[in-house]
Asker: 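One structure follows; several queries about it will come next.
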Amino acid sequence: MDATIFGAWVATGLTLLIFSFLYKDNPLFKLAEHLYVGVSVGYTIVKAYDTVLVHLVVKPIVEQGEISLLIPVGIGMLMLTRYVPKAAWMSRYAFAFIVGMGAGLAIPRTISSFILKQVEDTIRPLLSLAGSDGVTFSMNLLNPASNLNAIIILLGVSSVLFYFFFSIEHTGAGKAVARTGIMFLMISFGAAFGYTVMARMSLLIGRLTDLIEYSDASYGRPTIWLLMGIVGALFLLSRKGQEHPPDSH
Amino acid sequence: MIFLRRQLPLLITLVAGLLFAAQYYVPHPASEQMLTSATKWLQIIGGFALVLGVTSLFHLHAVKIRRQEAGWGYSLVLYAGMLGTIAVGLWADGKESIEGVMTSFGWVYNYMMVPLQGTMFAILAFFIASAAYRSFRARSREAAVLLVAAVIVMMGRVPLGEYLVPLSGDVASWILNVLNASVRRAILIGVSLGAIALSFKIIFGVERSYLGGGKE
Amino acid sequence: MKGQGGEVRRRVRQGWTSPAWLLSLMMGCTGSLLLSCLVFAQEPISTPPEIHVFDTPNDGGGSLTVQWAPASWDGPDVRYQILVGDASSTDPSTFTVMAEFPANSKYLKDTETAWWTRDVDKSWHHIVVRSAKGLEIKDGTSYAVSVATMRDDQRLFTPVIVATPSPDWFNWNQLNNLIIAASFGGLIFYTISHAKRNNIFLRRIPGLDAVDEAIGRATELGKPVLYLTGAHDLHDPSTVAAAVILGKVAKRAALYETELMVPHREPITMAVCQEITKQAYLEAGKPDLFKEDANFFITSDQFSYAAAVDGIMLRKKPAANFFMGHYFAESLLLTETGASTGAIQIAGTDADHQLPFFVTTCDYTLIGEELYAASAYLSKEPVQIGTLRGQDIGKAVILTAIAVGTVLATFGAVTGAEWPQIMLDFLSDVK
Amino acid sequence: MKGDTVTFSERMLKIDRRIIFLVIGLCTLLPLLYPVGLPIKISSEVRGVYDHIESLPEQSVFLLSIDFDPASKPELYPQAIALLRHAFRKNLRVITMTLWVSGTGMADQIVTQVAKEMGKEYGTDYAFLGWSPGGQAVIINMGQDLYSAFPSDYGGRPTKELPVLNGVRNLKDVGYMVDLGAGKPGVEEWYVFGKDKYKFELGGGCTGVMAPGLYPLLRSGQINGLIGGLRGAAEYEILIDHKGQAVAGMDAQSATHIAIIVLVIICNVFYLSLRRAARAQGQAG
């Protein structure tokens with residue numbers, strides 16, 4: 001059999017096995033789930049071996065004589081001492097280095113990218129000087145840079161920042177600000193909600209597009225045959241399950 | 001021994017942290033050269049860390065198989081999938097395709113890993129739908145605001161929604177670009193402050209849970 | 001100096017005859033033909049009266065900066081050339097042309113600089129010369145630099161100035177970044193040490209009251225309480241917070257003598273939570289009610305875990321469900337089933353992508369940092385409290401900066417004054 | 001009468017969820033089988049990326065980082081295809097790579113497929129650098145020295161010998177960079193560890209889940225455009241006038257969204273009627 005056609009059958013079968021979770025958690029789903037974890041771990045190991053060991057370490061050392069690359073290899077090896085209980089403490093050196101370096105790299109860059117830049121963009125003139133017209137106030141909601149939207153953004157940023165204040169009681173005026181903050185938060189969560197729904201639906205559309213493609217006669221209609229097979233298997237499994245009810249837990 | 005096991009790692013963190021935080025402000029070629037080499041190292045160490053991360057599963061499932069715990073058959077499937085993929089991968093030189101022709105490793109990737117991983121998350125579409133029907137309720141004023149905003153964005157981001165309610169597209173875009181952006185900005189600033197505080201605590205050894213691994 | 005000027009003029013004529021110059025002039029002018037209005041054409045041009053040539057500050061070396069004051073004839077029909085040559089030579093016309101541009105471009109104001117690194121007005125011309133084809137600018141070598149003003153057939157050179165590029169050890173443009181980093185870092189350690197010595201006020205987190213209510217209701221109904229600690233292990237602050245809050249929930253459950261169930265995804269977290277639960281029962285004075293199997297391990301697989309917990313919810317119908325810690329896509333599977341059984345559900349997570357689902361399916365949700373705050377409030381751990389306090393001060397400073405900045409920016413926009421910008425520079429990211 | 005509504009609402013809310021699953025399955029399947037082709041409006045976020053690529057002169061260096069794995073394939077795969085078609089059509093020098101190990105095979109397949117379709121030659125018109133571990137470390141290292149981060153490309157050829165990389169020393173020499181990110185490392189990391197220091201122009205593409213979180217960066221100009229999810233991909237396909245998977249999926253997307261909206265509304269109608277009934281009962285008792 002052609003590798004593509006065989007592939008179509010395997011891909012369809014695995015897709016349907018995962019979808020069987022919709023009926024309920026069942027051994028077929030568990031089988032596919034474990035296979036998935038195994039294959040992706042195997043894949044990662046192969047890639048790490050090929051990219052790191054072959055292309056980033058061995059080749060440069062052998063071909064260019066970059067002996068200094070043995071240092072990170074040594075640090076990496078220290079990391080693997082986690083598997084040897086007696087030497088596990090040596091892995092701390094490796095973690096100390098990468099965590100320390102990561103923290104150091106992050107501090108100034110986070111300040112520049114997410115604090116200075118974001119504060120800079122929030123500070124906008126609330127009125128603008130438009131040529132000879134003198135002072136104006138632009139109300140266009142659809143232009144995110146308009147004065148009205150600048151005020152709304154300012155309001156949103158400050159009230160939400162205030163909501164996450166923990167050393168002040170939310171009473172009096174603070175209560176009003178915190179309530180504004182929570183409303184802004186909810187609208188943003190709503191937007192996130194809408195977008196997440198969109199994303200999940202897109203994933204389903206993607207999978208179904210593949211299944212539709214594989215229901216074609218040129219592949220031997222794996223979608224249809226395998227769907228029938230899996231429904232049958234689930235039916236048998238549920239019959240078997242009824243004979244031996246699972247104990248609780 | 002205590003120095004080697006406890007204090008030296010903290011010292012390494014301190015030095016590495018301060019050095020690479022300071023590097024940002026120093027444009028001198030010497031400092032840039034240090035950054036180049038160190039990030040190259042980090043890349044290689046990252047490879048080892050990746051292997052360390054995925055292999056924690058080895059142990060867990062090996063124990064299950066050895067003790068023949070409930071569901072050890074699945075662990076066997078996991079092992080088979082992993083070893084099979086590694087064998088095929090090494091056979092194919094770790095390449096999914098060579099000169100545009102798919103290898104057997106590419107086959108495992110395209111016809112096993114891609115559908116499995118893709119479908120894992122596609123099933124969520126169904127659960128969102130059922131939750132939408134059964135439990136996305138306006139329990140409070142806050143939840144009501146959330147749901148209204150969600151409905152507007154869902155309408156405004158698809159052609160049919162814009163066709164049915166032409167205004168929804170613009171309103172959704174305003175929600176995203178102005179209201180949502182302002183909230184996300186505040187959250188980003190708050191989270192960044194938290195991240196910077198955590199980084200400082202790590203560098204100066206106040207926070208050391210990352211060390212873990214073995215008793216003192 | 002004077003002699004040099006004469007030399008310059010002669011060279012200009014020579015330059016004019018060179019076809020290469022003709023070509024470049026034509027290319028430059030065609031684009032702006034329409035713009036070359038007569039206003040400037042009448043005014044005679046001369047060389048810039050004052051030019052500054054120096055090693056580019058705050059950089060890694062290999063470049064020189066040239067600055068000069070704007071002139072009244074700066075317009076699209078006049079062009080400037082930057083010429084660089086060997087330090088020993090004095091004749092600019094033999095230099096390599098490193099840049100050529102219309103006279104109404106390349107101002108200091110086009111570049112992002114802070115006032116504390118500027119010596120001249122923002123309206124000055126400003127250009128950084130780096131290695132180009134024909135001439136490599138090397139650190140430690142001196143170079144002679146001249147600026148030529150050109151219009152039609154005229155090409156006037158400024159006197160030659162010699163400068164030496166070199167790398168620098170500090171980027172002064174990032175001074176504000178360094179000050180912010182150092183003061184915020186100092187602040188965090190100050191607040192932590194302050195919290196060790198003093199009591200710091202933390203506001204009551206409303207969600208914690210809801211916890212008592214929910215357990216009370218479970219007791220009334222005689223049903224169990226379900227508590228989940230999330231997907232991460234104890235290295236994650238959200239899991240630590242979940243474990244701390246478990247202590248409170250367990251204590252309350254012990255007092256009310258309500259059954260507690262804590263299914264786990266991670267063996268080490270389970271062991272730690274077992275200890276916490278035991279301790280809570282001890283503190284409540286009910287150690288005999290503590291059950292070892294209140295904390296139990298299910299599986300580490302995301303969806304299988306969710307399915308198993310759903311099964312527990314459907315069978316045992318707990319009256320209160322708690323979801324604390326970090327969650328991924330399984331959150332929806334869990335909370336939906338919990339909602340359908342009619343349980344009171346309380347969530348607390350820093351997983352922002354799951355928050356919308358928790359808010360709509362749970363009765364109460366601790367949002368993001370509220371989870372950490374609730375845990376700090378309960379544990380009274382000085383490091384946690386101090387960090388929260390430090391972050392609060394940081395937020396207060398940022399809020400103040402935004403408020404003051406907005407007032408200044410508005411004032412600046414309305415009056416056209418320049419000084420507000422000087423203040424705002426400190427809040428900008430300039431490099 | 002009131003009692004009837006209560007039981008009806010309660011019963012309706014408790015129907016087997018597998019019925020809902022079926023409804024959603026059909027809402028997705030039917031439009032895919034029988035497409036309608038509703039018009040798609042272009043948002044300014046997506047136009048930002050498109051316009052920037054349009055404005056680039058030929059032979060500019062375009063870097064595309066394909067940072068997602070098969071889990072996000074339906075959303076980001078069409079984006080990658082559309083962007084590459086656009087870049088190849090503009091005769092840009094295309095460099096591609098990935099920071100996500102499990103995305104390597106897919107990235108390779110995408111690049112090879114589009115290049116073949118547009119008749120481009122490996123090495124002179126485009127290159128695929130493959131995957132490298134370390135996430136942010138790779139970004140910084142590329143900013144310092146691209147050849148240190150990727151000494152060889154996906155096929156094992158030394159990157160220094162690829163003509164497409166002529167004159168490119170590091171990220172500073174990149175004309176435009178677009179990151180298609182499904183998480184971490186993604187667009188945020190490319191800004192913080194890349195653009196912040198190396199000053200290349202950056203655009204973003206991401207999954208729907210990530211998109212709302214990137215708006216602050218879009219507003220502040222830290223990224224100059226944002227392609228969000230399948231909808232963003234569909235807009236891009238319209239812009240380059242080459243309809244593909246994303247446009248084809250838009251009808252199904254419409255149908256499922258409307259279905260979800262209807263479900264949410266029904267849920268709340270029942271919920272509110274239940275609550276009102278409970279309150280009335282409470283007052284009576």
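Chain letters run A, B, ... following the sequence lines, proteins first and then strands; every chain starts at 1.
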Asker: Could you tell me whether a side-chain N or O of B:Trp107 sits under 3.5 Å from a main-chain N or O of A:Ala3, the two making a donor and an acceptor?
Answerer: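 Such a contact is found between B:Trp107 side chain and A:Ala3 backbone.
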Asker: Taking the six-membered ring for Trp and the single ring otherwise, decide whether the centroids of B:Phe105 and A:Tyr43 are under 6.0 Å apart.
Answerer: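 Ring centres of A:Tyr43 and B:Phe105 closer than 6.0 Å.
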Asker: Between A:Lys47 and B:Glu96, does any NZ, NE, NH1 or NH2 come within less than 4.0 Å of an OD or OE carboxylate oxygen?
Answerer: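 Here B:Glu96 pairs with A:Lys47 in a salt bridge, since their nearest N and O are under 4.0 Å apart.
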Asker: Which atoms of A:Ala8 are under 4.5 Å from chain B, going by heavy atoms: the side chain, the backbone, both sets, or neither?
Answerer: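 When you check distances to chain B, only backbone atoms of A:Ala8 fall under 4.5 Å.
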Asker: Would you call the rings of B:Tyr74 and A:His34 parallel, tilted or perpendicular, where under 30° means parallel and over 60° means perpendicular?
Answerer: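 Parallel.
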Asker: Using non-hydrogen atoms and a 4.5 Å limit, figure out which bit of A:Ala32 sits close to chain B: side chain, backbone, both or neither.
Answerer: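 The answer is both parts of A:Ala32.
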Asker: Within the distance-only criterion (no hydrogens, no angle test), does the side chain of A:Tyr36 pair as donor or acceptor with the backbone N or O of B:Met120 below 3.5 angstrom?
Answerer: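 The answer is no, because no donor-acceptor pair under 3.5 Å joins these two groups.
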Asker: If you take all heavy atoms of A:Val52 and B:Gly47, which pair is closest and at what distance?
Answerer: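 Looks like CG2-CA, 3.8 Å.
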Asker: What part of A:Asp121 is in contact with chain B, defined as an atom under 4.5 angstrom from a non-hydrogen atom: side chain, backbone, both or neither?
Answerer: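 Both parts, backbone and side chain.
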Asker: Look at the side chain of A:Arg200 and the backbone N and O of B:Phe121, then say whether any donor-acceptor pair between them is shorter than 3.5 Å.
Answerer: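 The answer is no, because no donor-acceptor pair under 3.5 Å joins these two groups.
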Asker: Less than 4.5 Å to any heavy atom of chain A: does that hold for the side chain of B:Ala144, its backbone, both, or neither?
Answerer: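 For B:Ala144, neither part sits under 4.5 Å from chain A.
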Asker: Under 4.5 Å heavy-atom distance to chain A, tell me which part of B:Asn110 shows up: side chain, backbone, both or neither.
Answerer: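 No part of it gets close to chain A.
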Asker: Please look at A:Leu35 and chain B and tell me whether the side chain, the backbone, both or neither of the residue comes under 4.5 angstrom of a heavy atom of that chain.
Answerer: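 Both backbone and side chain.
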Asker: Tell me, side chain or backbone of A:Met90 under 4.5 Å from chain B's heavy atoms, or both, or neither?
Answerer: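 Interface part for A:Met90: neither.
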Asker: Indicate the atoms forming the closest heavy-atom contact of B:Ser182 with A:Val157, along with that distance.
Answerer: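 For B:Ser182 versus A:Val157, the nearest heavy atoms are O-CG2, 3.4 Å.
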Asker: Let me know if B:Tyr109 has heavy atoms under 4.5 Å from chain A in its side chain, its backbone, both or neither.
Answerer: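 Looking at B:Tyr109, just its side chain touches chain A.
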Asker: Is it the backbone or the side chain of A:Val197 that comes under 4.5 Å from a heavy atom of chain B, or both, or neither?
Answerer: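 Both the backbone and the side chain of A:Val197 come within 4.5 Å of chain B.
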Asker: Measuring heavy-atom distances to chain A, does B:Ile44 have an atom under 4.5 Å in its side chain, in its backbone, in both, or in neither?
Answerer: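 Contact with chain A involves both backbone and side-chain atoms of B:Ile44.
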Asker: Give, for atom CD1 of B:Ile45 and atom CD1 of A:Ile75, the distance between the pair rounded to the nearest 0.5 Å.
Answerer: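 If I round to the nearest 0.5 Å, the distance is 4.0 Å.
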Asker: What I'd like to find out is whether the side chain of B:Lys40 reaches to under 4.5 Å of the side chain of A:Leu69, using heavy atoms alone.
Answerer: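 Yes, at least one pair of side-chain atoms sits under 4.5 Å.
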